[in-house]
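A short write-up of the structure that comes next.
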Number of protein chains: 2
Amino acid sequence: MRIDADRGAAVRNNARMRISARADYAVRAALQLAAAEDAGPLKAEAIAADQDISHKFLEGILGDMRRGGLVQSQRGGNGGYWLARPAATISVADVIRCVEGPLVSVRGERPPDLSYTGPAESLLTLWIALRASVRDVLGVSLAELAAAKLPAGIVALADDPEAWTNP
Amino acid sequence: MRIDADRGAAVRNNARMRISARADYAVRAALQLAAAEDAGPLKAEAIAADQDISHKFLEGILGDMRRGGLVQSQRGGNGGYWLARPAATISVADVIRCVEGPLVSVRGERPPDLSYTGPAESLLTLWIALRASVRDVLGVSLAELAAAKLPAGIVALADDPEAWTNP
DNA sequence: TGGTTTTCCTACCTGTTCGCTCGGTTTCCC
DNA sequence: GGGAAACCGAGCGAACAGGTAGGAAAACCA
């Protein structure tokens with residue numbers, strides 16, 4: 001009579017730091033543009049094919065990046081997209097913020113807007129530290145990432161074999 | 001004729017590392033329990049009042065924590081909740097994972113399940129580093145946090161005044 | 001001048017999650 | 001047995017995620 005098998009843990013497979021498809025695609029597209037820096041504009045269609053992204057969806061993302069001032073574009077026969085600034089001056093954080101807003105929020109608000117009482121008083125400090133840490137990692141530039149030359153600090157973090165294991 | 005005022009940036013106020021109400025409440029409740037360690041059980045109602053959380057909503061969260069083995073409970077007149085293990089052995093990450101699943105995911109998958117091609121090849125390493133960094137910060141224990149005795153590394157991160165400013 | 005290519009824009013769609021609320025059912029202790 | 005709690009599940013409105021569809025506007029070509 002064991003219907004108990006799948007008890008407990010009402011499957012919540014959402015993660016808190018969730019890099020959405022949108023953000024992931026944006027970064028990958030930006031990396032393609034970085035790799036093709038001063039080699040002329042890249043067409044959305046080509047990026048979509050290379051990175052296996054829905055073309056129309058990607059167009060929307062590139063539009064956000066253009067409005068955010070990260071890329072520029074040109075229509076017509078030999079048009080396309082290119083980075084508005086050198087790849088070395090654009091960080092992954094810039095890209096994500098551009099298409100998704102703030103990197104870190106707590107209950108929809110930015111950490112400095114919160115206040116905690118009682119034993120939770122230091123919680124704010126923790127969220128701030130978390131944000132600083134995320135900013136630090138995502139501060140890596142498109143140029144570094146596209147060239148596979150990550151800063152030592154990042155490499156050190158990823159070098160720990162434990163970092164590659166799931167909970 | 002300036003209707004342009006609020007152009008660009010089609011208001012996406014969601015953040016990528018979003019600590020949900022659920023997670024925030026869970027940690028705060030856990031901190032109350034940590035502060036009341038070996039002082040008898042705490043009622044959900046009392047925690048809710050202290051931390052200004054909807055009582056019924058909190059009950060659901062505490063239920064998750066019980067099923068996850070983080071807290072224990074007792075019904076009846078002088079019942080309530082208490083931590084199942086010493087506060088020094090429970091991390092904030094434990095609490096968040098318990099009520100919300102994995103800390104970090106990319107497009108709904110855990111980082112090690114992904115693969116990238118072309119100029120995006122090092123992106124996986126970056127996500128792994130990000131996860132390691134988040135794990136590190138959230139590895140702080142309830143005991144440390146409730147006592148406002150954060151590890152030096154965390155304090156150092158939060159000490160930078162820039163960490164407190166928004167983008 | 002017209003045709004092609006590409007970006008650009010607006011609207012829509014389906015499923016899921018978030019943050020709750022409500023109403024009850026057990027279990028515990030006195 | 002009577003209160004006081006913890007438990008359980010359903011439901012609900014709003015927002016978001018991850019797209020799709022269809023066309024208009026610009027740049028270039030012949």
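Just so it is clear: chains get the letters A, B, ... in the order the sequence lines come, proteins before strands, and each one is counted from 1.
Residue contacts for B:G80: at a heavy-atom cut-off of 4.0 Å it reaches the sugar-phosphate backbone alone, with no base atom in range. Note on B:R107: nothing from the nucleic acid sits closer than 4.0 angstrom, heavy atoms only.
Near DNA chain C, defined here as any heavy-atom distance below 4.0 Å, the residues from residues 24-58 of chain B are B:Y25, B:S54, B:K56, B:F57, listed numerically.
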Name each donor-acceptor pair under 3.5 Å that joins a side chain in residues 44-52 of chain B to protein atoms two or more places apart or in another chain, with its distance.
residue, atom, partner, partner atom, Å
B:E45, OE1, B:H55, ND1, 3.3
B:Q51, OE1, B:R28, NE, 2.9
B:Q51, NE2, A:T117, O, 3.2

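Residues passing the side chain to side chain contact (heavy atoms under 4.5 Å, CB included) test with A:A143 are A:A87, A:A88, A:S141, sequence neighbours excluded.
The salt bridge (Lys or Arg N to Asp or Glu O under 4.0 Å) pairs that include a residue from residues 68-87 of chain A are A:R85-A:D94, where partners are two or more places apart or lie in different chains.
Between A:E59 and A:S20, the residue whose closest nucleotide on DNA chain D is further toward the 5' end is A:S20. If B:G63 and B:G108 are placed on DNA chain D by their nearest nucleotide, the residue sitting closer to the 5' end is B:G63.
Taking 4.0 angstrom as the limit, A:S73 places none of its side-chain polar atoms (N or O) nearer than this to OP1 or OP2 of C:dT6. Regarding contacts with the backbone of D:dC7, a side-chain N or O of B:R66 is found under 4.0 angstrom from either OP1 or OP2. B:R16 has no side-chain polar atom (N or O) that falls below the 4.0 Å cut-off from OP1 or OP2 of D:dC16. Dashed line: the shortest gap from a side-chain N or O of A:R18 to OP1 or OP2 of C:dT16 is not under 4.0 Å.
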Protein-nucleic acid N or O pairs under 3.5 Å, nucleotides 28-30 of chain D:
residue, atom, partner, partner atom, Å
D:dC28, OP1, A:Q74, NE2, 3.3

Intermediate values then yes/no, side-chain contact (heavy atoms from CB on, under 4.5 Å), B:D64 and B:R22
CA-CA 11 Å; B:D64 283 352; B:R22 203 177 173 76; 2.3 Å; yes
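At distances below 3.5 Å, at least one donor-acceptor pair connects side-chain atoms of B:R131 with backbone N or O atoms of A:A163.
Minimum interatomic distance between B:V71 and B:L33 (heavy atoms only, all atoms of both residues): CG1-CD1, 3.8 Å. In terms of heavy atoms, A:I128 sits closest to A:P111 at CD1-CB, 3.8 Å. Across all non-hydrogen atoms, the minimal contact from B:A29 to B:M65 is CB-CE, 4.3 Å.
Look at B:K149 and B:E144 and you find no salt bridge, because none of the NZ, NE, NH1 or NH2 atoms lies under 4.0 Å from a carboxylate O.
Hydrophobic cluster membership is shared by B:I96 and B:F57, with clusters built from Ile, Leu, Val, Met, Phe, Trp and Tyr side chains linked at under 4.5 angstrom.
Each end of the helix from C:dT1-D:dA30 to C:dC30-D:dG1 gets its own rotation axis from five pairs of C1' atoms, and the angle between them is 10° to the nearest 10 degrees.
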